[in-house]
Structures are given as structure tokens and as C-alpha cells.
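Taking it in order: structure first as C-alpha cells, then the write-up.
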Amino acid sequence: MTAIVTRFAPSPTGFLHIGGARTALFNWLYARHHGGKMLLRIEDTDRQRSTKEAIDAILDGLSWLEIGWDGEVLYQFSRAARHREVAEALLAVGHAYRCFATPEELQAMREAARREGKSFRYDGRWRDRDPAEAPAGVAPAIRLKARQDGETVVEDLVQGRVAWKNAELDDLVLLRSDGNPTYMLSVVVDDHDTGISHVIRGDDHLNNAARQAQIYEALGWEIPRMAHIPLIHGPDGSKLSKRHGALGVEAYRAMGFLPAALRNYLVRLGWSHGDQEVFTTEEMVALFDLDRVGRSAARFDFAKLESLNGIYLRAMSNDEALAAIEQLLPHLPDGRKIAARINNKRELLNTAMSGLKERAKTLVELIDSANYLLVDRPLELDDKAQGLLAPEARALVARVIKLLETVDPWTVEATETAMRAFAEREGVKLAAVAQPLRAALTGRSTSPGIFDVLTVLGKPESLARLKDQVGVAATA
RNA sequence: GCACCCAUCGUCUAGCGGUCUAGGACGUCGCCCUUUCACGGCGAAAACACGGGUUCGAGUCCCGUUGGGUGCGCCA
């Protein structure tokens, strides 16, 4: 068995989207599982559309997802000379030829094909023609002289045996008339030269696999094992477009998802291990293999991602959760402001974190739920909180303040004992007093347990917030 | 249009000829817990696209239909 080498080869024409992220993950897991390597290759041969920003976004996205690659990043364009050399070599041995067809001629062929209801295929008009007949002033492209009989077969690790009649395939361009290599050629040469053993990519490349197989054959090179994994669709089943859901991974970060949760969600799209839903990274590496990858496309489901994210959030320690929040802050629109507020309240946040974590699905929700710890008095009440503090409720709060003032020590147990006794004395349910208190203390209708809130806030702050709501001047 | 791929609950999936009156998870609904919201626990509704074969026996194999997807550039 040769060494396992996979690669993730995105083109830098946009951000790292969710499908690309999963492809990277599968490549990474496969390599790690088999003790091999995963290379990163930026396919930047389209000089018009490749951008530095896209490259940065891809690198940043992979780093955030904690998907590492081996060795240096390979920029495909830097290898153009080598690609040209291979094309020339193919020309020299007669497996390729110069094609002088003009863009206009090609366009005419395309239109003719459309009119006849056939798919476009280059008609091979220069395949056997003497280059001496070349029209003056036309720079030729180099095309592969592909076999026209028989079939091209790809034994795909995921899709199984896939065959195309060679008559369906035309002579693809290897080298453009401007001397630059095409994607088809570059991929084959780079995969070969870097010793790629397994090509794992989206099944939108399945048809390309046939063309590439032809190039390998012409070159006499061994074809790497292929694995075309199914695509991820939008929630409505159609192609993941920018309209709905085709977000860059940085968008998922900004939504407050954890990299580990996203990896876990992604690995279960197309791959399974019995009924297991939650996997540590170590388990994924140990368990992942291509034979458990399915062949049908999956739809992206935010609800499930959120659920998983909640599981990961709850499993974190308070310190980890706080660290995750602080790492996220720079990526949030108002992160600076929040960071400043958190700064001197880290201790407080940490204490409250146990109760907060339990209730949040994302880091954004977690931050939002911690808001009551970060704001200054007097609190702004949201509508529901406002509703909870009707006049009678305020009167109740006024009465409970007196009682609370006597509580000492200020602990969960002591405040609970006091308040339960109070509710009984008043002849009301605990909820009747707890809810107005919650509203006054947090400005909202939901929060962690009220006794926890009381304790986290501390006696002076708690009493002050309560007094704010009954119109009694706080004695700060 | 042509080529290729796909097809189990709303969604992700288990199922690799008999153990399937089809299992799990998310979501939905109900109940319990309960100071709110979550968490947790219990329970319910919910699927083998359709039609032919093959076989003693098909969700599982084959063919077709339908539906969906991808590709069809001197883009990647």
C-alpha cells in the first residue's frame, strides 16, 4: 500500500463555503485515519477571478475549523511552466494536437448543437488536419487527442463503477491559445506530481473525472483513487446558492457556532457510524472511512446544527465557554463594545456561566443571555418583563425587598428559603413572586434560576435593581 | 436537450435478502420535572416515490417510470 496523500483544492474565487468545508473535513479525516497527509492546493489558474481576499478567507476558515494541512500551501499557478511542459510532451508523442479553431467557430458549433438538441462537443476538426493548413494569425490551443472508441471507466470509492462512452467525450483543451494550462490539465499534473493517492471531492466533479482519466491514460500515469462525495443542498433541496445558506464558514462563526460542533454536523452529512450522532475529533479520525459515505445529497438543516452546538456548549467548562466568547467577539459587529463591558466582569460572568450555558444554543445567544450582568442600572425592561411588572407585582416586589434586606448570608439556599416563606405568607405561588423579580433583576422574562441570579448579582446590586422598579430611591 | 449521479419519517440517517408490525437523531405535538426559559425524563404522530421482474422470501438485487441533482467553456 502506497502512502495515503489527499488534498483539498479550492479555487479562490469566493469564501470557503459549507460544502467546501465538508470536502476539506473528509479529506482531512481520511488522511488522519490512514496515517497519511492532506495537502492544500489553491487552484488559482483563473487569474481574473482569483483574489487574495478569497485565499485569506479559505485559509482563515480552515484554521477556524481546526482543519490543518501538511506542508506548504501549493499555488497552482506557480506550476504553469510544468503544466505547459506536460502539454508539449503530449503533443510530441502524438497524444495531443494543435487546434486553430477560433472562438467564433466554437460558438457556431455550440449553437448548432443546441439547435439539434445535442450537448456541445468539439467536432475534432483539427484532430487529423495538417498544421500547415493553419490560418495565419491564429494562435492554437492544444487539445488532447482522446480515444474515440470504447469507454472510460472510473472505479469510484463512493459512487462505484461509472462509465462513459468515449464517443460522448470530446477532445478537451489542455493548453489555451495564450499558453496557459487549463484546469483539467493542471489538476492531473499536480495530483500526479504531489503524489496524491486519493482524490476526494464533490460529485459535481464526477464528469470531470472521466476527462481527467483520459489525460492520465494518455500520459501513462497511474490514476489516483477517486471518491466523489455527494453535494450539500439548501434547505429547500435546490443547489446551495448565495440566496439561501451558501454562507462562508466565517458566517457560521459569526452566528456563534463552535468549530467542533460544525465539524460534527458536517461529518454526519453523508457519513454515518450506526446510530452515533456525537463524535469527538478523535472518534471521527478513528472511525471515518469512505466505505461509510453515502451517495445521495443532503440538505442543510440549521435546527440540527443548533442542537448539536448546544450539546457542545453545555459540555464546555465555564472557562472554555468564556474563552470561546472572547475569541468570537472580534468577529461580531458590536463585539468591541461587549468586550469592553466584559473586561471587568469576567469573574462575575464565570460564576454565572453554568446557568447560562445550559440555556443557549449558540455563543451569540449565550452572550445575549449574559446581557443582564453587563448592563448598568437602571435596567431597560423588554416588553415581556414590563408585562410581568404590573402595579400589583411591583407592590409585591416592594414587600419582598424588605424581607430580602434581612437575608444573611446571601446564598442560594438562604434567598430560596426566605422567598418560599414569603410566597406562602402572601398566599401566592412562588412563580408569582419569582417572575416579577426576574423581570426587575434581568429586564427579561427568562433567565437562569432566580436564586442563582440573586446570588450572582450579589445583595447590594440585587436590592438596588429591585428598588429601581418600585420607585424607591436606591441608596447606592 | 444530451451525459452522469441520486431516491427510507419534514430533515440527517440505520438497514448491506429472512432478526423490518423499518431503528436512532433533529424538528413537531403531548405529559412529567419546575420560579421562567432551557436541560433532563417519558410518550405520540411521522418514511421504504411508483410499476414490473428475480427469489421460497425484497426497504435490501435487476429493469423501467417519475422526481431531484450535477455536468455539458480556450471557468475551476
Side-chain angles (χ1 to χ4, degrees), chain A residues 9-13 43-46 48-50 76 99 101-103 106-107 110 113-122 139-143 156 158-160 162-165 168-170 172-178 180-184 186-187 202-210 228 230-231 233 235 237-239 265 268-278 294-308 310 314 355-361 369 384 388 416 419-420 423 429-435 437-439 442 444-451 453:
Chain A
S11 65
T13 53
E43 312 226 310
D44 56 351
T45 54
D46 183 340
Q48 307 302 320
R49 297 197 298 154
S50 297
Q76 190 160 56
C99 170
T102 61
L106 260 13
Q107 191 53 38
R110 235 184 297 277
R114 185 187 305 269
R115 232 178 296 122
E116 293 167 39
K118 291 190 289 204
S119 67
F120 168 71
R121 231 172 288 145
Y122 169 67
I142 295 181
R143 286 185 185 267
D156 194 274
V158 170
Q159 305 291 337
V162 186
W164 294 261
K165 290 185 180 62
E168 299 288 344
L169 278 14
D170 64 359
L172 64 276
V173 171
L174 261 15
L175 211 60
R176 300 187 181 95
S177 52
D178 66 0
N180 284 127
T182 61
Y183 161 78
M184 288 295 176
S186 303
V187 170
D203 72 11
D204 49 339
H205 282 285
L206 187 54
N207 287 291
N208 291 335
H228 289 92
L231 300 178
H233 291 159
S238 65
K239 189 181 177 182
Y265 176 71
R268 285 285 291 102
L269 250 35
W271 176 80
S272 63
H273 180 258
D275 285 338
Q276 191 170 347
E277 298 283 352
V278 180
R295 288 185 290 183
S296 52
R299 298 188 189 198
F300 195 86
D301 181 10
F302 270 103
K304 186 141 185 184
L305 208 211
E306 284 190 343
S307 158
L308 219 33
R314 271 174 261 131
L356 261 19
K357 271 186 326 197
E358 200 74 13
R359 279 154 246 267
K361 293 252 193 283
S369 72
K384 284 180 183 168
L388 251 18
E416 176 161 6
M419 275 182 54
R420 282 192 188 280
K429 284 187 167 177
L430 184 56
V433 31
Q435 278 305 81
L437 234 54
R438 189 183 319 277
T442 69
R444 308 209 178 161
S445 58
T446 66
S447 81
I450 195 66
F451 310 114
V453 170

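From a predicted model like this one, the values you see are computed outputs, not experimental measurements. Computed over heavy atoms, backbone and side chain alike; hydrogens, waters and symmetry mates excluded.
In terms of position along RNA chain B, the nucleotide closest to A/Leu169 lies nearer the 5' end than the nucleotide closest to the other residue of the pair A/Thr182 and A/Leu169. In this structure, A/Leu430 and A/Ser296 both approach RNA chain B, and ranking their closest nucleotides by distance from the 5' end singles out A/Ser296.
A/Arg359 contributes a side-chain N or O that forms a donor-acceptor pair with the base of B/C37 under 3.5 Å. For A/Arg299 against B/U11, no side-chain N or O and base N or O form a donor-acceptor pair under 3.5 Å. A/Ser177 contributes a side-chain N or O that forms a donor-acceptor pair with the base of B/C74 under 3.5 Å. A donor and an acceptor atom never sit less than 3.5 Å apart when one is taken from the side chain of A/Asp44 and the other from the base of B/A76.
Across all strands shown, B/C50 forms a Watson-Crick or G-U wobble pair with B/G64, both key distances being under 3.5 Å. Nucleotide B/C4 has B/G69 as its partner under the Watson-Crick or G-U criteria, with both atom distances under 3.5 Å. Base pairing of B/C9: no nucleotide in any strand meets the Watson-Crick or G-U wobble criterion (both distances under 3.5 Å). Pair assignment for B/G40 gives B/C32, based on Watson-Crick or G-U wobble hydrogen-bonding distances that are each under 3.5 Å. When Watson-Crick and G-U wobble pairs are counted only if both distances are under 3.5 Å, B/A22 pairs with no nucleotide at all.
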N/O contacts under 3.5 Å, protein versus nucleotides 24-32 of chain B?
{"from": "B/G24", "atom 1": "N2", "to": "A/Glu277", "atom 2": "OE2", "distance (Å)": "2.7"}
{"from": "B/A25", "atom 1": "O4'", "to": "A/Glu277", "atom 2": "OE2", "distance (Å)": "3.3"}
{"from": "B/A25", "atom 1": "N3", "to": "A/Lys304", "atom 2": "NZ", "distance (Å)": "3.1"}
{"from": "B/C26", "atom 1": "O2'", "to": "A/Lys304", "atom 2": "N", "distance (Å)": "3.3"}

Contacts under 3.5 Å, N or O only, protein and nucleotides 43-48 of chain B:
none

Using a cut-off of under 3.5 Å, enumerate the N/O to N/O pairs linking the protein to nucleotides 63-66 of chain B.
none

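Annotation: side chain to side chain donor-acceptor pair (under 3.5 Å) contacts of A/Arg49 (sequence neighbours excluded): A/Asp46. Here A/Asp156 pairs with nothing under the salt bridge (charged side-chain N to carboxylate O under 4.0 Å, His left out) rule; sequence neighbours left out. In terms of the salt bridge (charged side-chain N to carboxylate O under 4.0 Å, His left out) criterion, residue partners of A/Glu168 (sequence neighbours excluded) are, by chain and number, A/Arg121. With sequence neighbours excluded, the residues that form a side chain to side chain donor-acceptor pair (under 3.5 Å) with A/Asn208 are A/His205. Partners of A/Ser447 under the side chain to side chain donor-acceptor pair (under 3.5 Å) rule, at least two apart in sequence or in another chain, are A/Arg438. Partners of A/Arg420 by side chain to side chain donor-acceptor pair (under 3.5 Å), not counting sequence neighbours, listed by chain and number: A/Glu416. Applying the salt bridge (charged side-chain N to carboxylate O under 4.0 Å, His left out) test to A/Asp301 and every residue at least two apart in sequence or in another chain returns nothing. For A/Arg268, the side-chain contact (heavy atoms from CB on, under 4.5 Å) partners are A/Asn264, A/Ser272, A/Glu277, A/Phe279, not counting sequence neighbours. Applying the side-chain contact (heavy atoms from CB on, under 4.5 Å) test to A/Asp275 and every residue at least two apart in sequence or in another chain returns nothing.
Remark: aromatic rings of A/Tyr265 and A/Phe300 are close, center separation under 6.0 Å.
Spacing between atom OH of A/Tyr183 and atom P of B/A76 amounts to 9 Å, rounded to whole angstrom units.
Nearest to the side-chain atoms of A/Arg110 among the listed nucleotides B/C39, B/C2, B/C74 stands B/C74. Side-chain proximity of A/Gln159 to B/C6, B/A76, B/U13: nearest is B/C6.
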